[in-house]
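Comments concern the structure below.
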Amino acid sequence: MNVPLSGSVGVCESCIIKRYCEKRFVPKYLATIGIDYGVTKVQVRDREIKVNIFDMAGHPFFYEVRNEFYKDTQGVILVYDVGQKDSFDALDAWLAEMKQELGPHGNMENVVFVVCANKIDCTKHRSVDESEGRLWAESRGFLYFETSAQTGEGINEMFQTFYSAIIDLCDNGGKRPPSSVGVGFTKEQADAIRRIRNSKDSWDILGVKPGATRDEVNKAYRKLAVLLHPDKCVAPGSEDAFKAVVNARTTLLKNIK
Ligand code: GTP
Ligand code: MG
């Protein structure tokens with residue numbers, strides 16, 4: 001089993017490995033140069049498995065070293081720091097880099113991805129909340145875990161679930177079994193939530209032009225309310241998005257004759 005671990009510089013991949021493999025935490029930051037490599041044996045359900053972990057340097061400079069390791073990979077751990085929005089935004093670029101190396105879309109289906117929202121012990125500085133991270137991960141069919149390499153929270157659980165998913169994938173002839181990523185929400189719902197999160201005003205939230213009529217506002221409202229109603233939508237962040245939609249409609253209707 002080959003598992004690369006990637007993330008921006010300083011988001012803690014190395015600490016996650018140390019915490020997991022050696023059960024200790026290293027408070028000092030030592031940038032990974034190129035690739036670190038670790039081998040460990042793990043017991044997953046009734047099997048003993050040898051795992052090769054490749055710890056990728058986050059710095060873009062090491063791309064040439066990293067890209068060799070993406071081939072022949074069964075699982076990828078993407079790490080970001082919940083106190084550093086940039087590291088979360090960078091996940092798209094990491095994914096794009098891997099997509100390019102793993103080849104056409106089909107090959108991404110043969111890989112289990114887990115997203116690790118790390119440093120959850122630093123609650124004061126948190127800038128990416130759980131629903132945002134979870135939505136990003138689960139809307140892509142990826143696993144999502146909240147972890148802290150410092151306290152150890154979530155680390156073992158993350159690795160165990162990750163390995164289990166990889167074994168399911170291998171047992172299923174190399175394809176992700178649909179049940180293991182049973183997301184329970186649609187891309188349309190995920191896209192609407194993301195769009196609403198990034199909206200700057202009430203018009204934007206409802207997706208209507210400033211100056212729209214009552215009818216247009218109500219029509220847009222009804223469509224989103226049905227899509228995001230908490231009874232129907234289980235996507236992370238749907239409750240907040242639904243509330244934002246209700247509030248946007250109320251605000252706009254107050255000012256439209
Ligand atoms: P590159 O190798 O440059 O890509 O960095 P990296 O992503 O491997 O980061 P590393 O694991 O070396 O951790 C960076 C810094 O964050 C270190 O100073 C760690 O002590 C600190 N750190 C890592 N995990 C945690 C955590 O869960 N909580 C807190 N508070 N600090 C952490
Ligand atoms: Mg490192």
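When a ligand or atom number is given, it counts from 1 through the structure's own listing order.
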State which residues pass side-chain contact (heavy atoms from CB on, under 4.5 Å) with Ala235; sequence neighbours excluded, sorted by chain then number. Leu135, Phe185, Ile193, Cys233

CZ on Phe142 to CG on Leu95, rounded to 0.5 Å: 4.5 Å

d(Ser148 OG, Asn118 CG) to nearest 0.5 Å is 6.0 Å

Pick from Asp121, Asn118, Asp81, Thr147: the one approaching atom 29 (C) of ligand 1 most closely through a non-hydrogen atom: Asp121

Just to be sure I'm reading this right: ignoring hydrogens, which of His125, Lys119, Glu153 gets closest to atom 21 (C) of ligand 1? Compare them by their nearest heavy atoms. Lys119

Within the structure, does Gln150 bring an N/O atom to less than 3.5 angstrom of an N/O atom in ligand 1? yes

Would you mind listing every side chain to side chain donor-acceptor pair (under 3.5 Å) that reaches into residues 239-254, with sequence neighbours excluded? Asn218-Arg249

Relative to the heavy atoms of [X], which atoms of ligand 1 are at a distance of less than 4.0 Å?
{"X": "Ala149", "result": "24 (N), 26 (C), 27 (O)"}
{"X": "Cys122", "result": "30 (N)"}
{"X": "Ser148", "result": "27 (O)"}

After noting the C-alpha distance and the side-chain angles of Asp129 and Ser131, does the key distance pass the side-chain hydrogen bond (donor to acceptor under 3.5 Å, both in side chains) rule? CA-CA 6 Å; Asp129 66 25; Ser131 65; 3.2 Å; yes

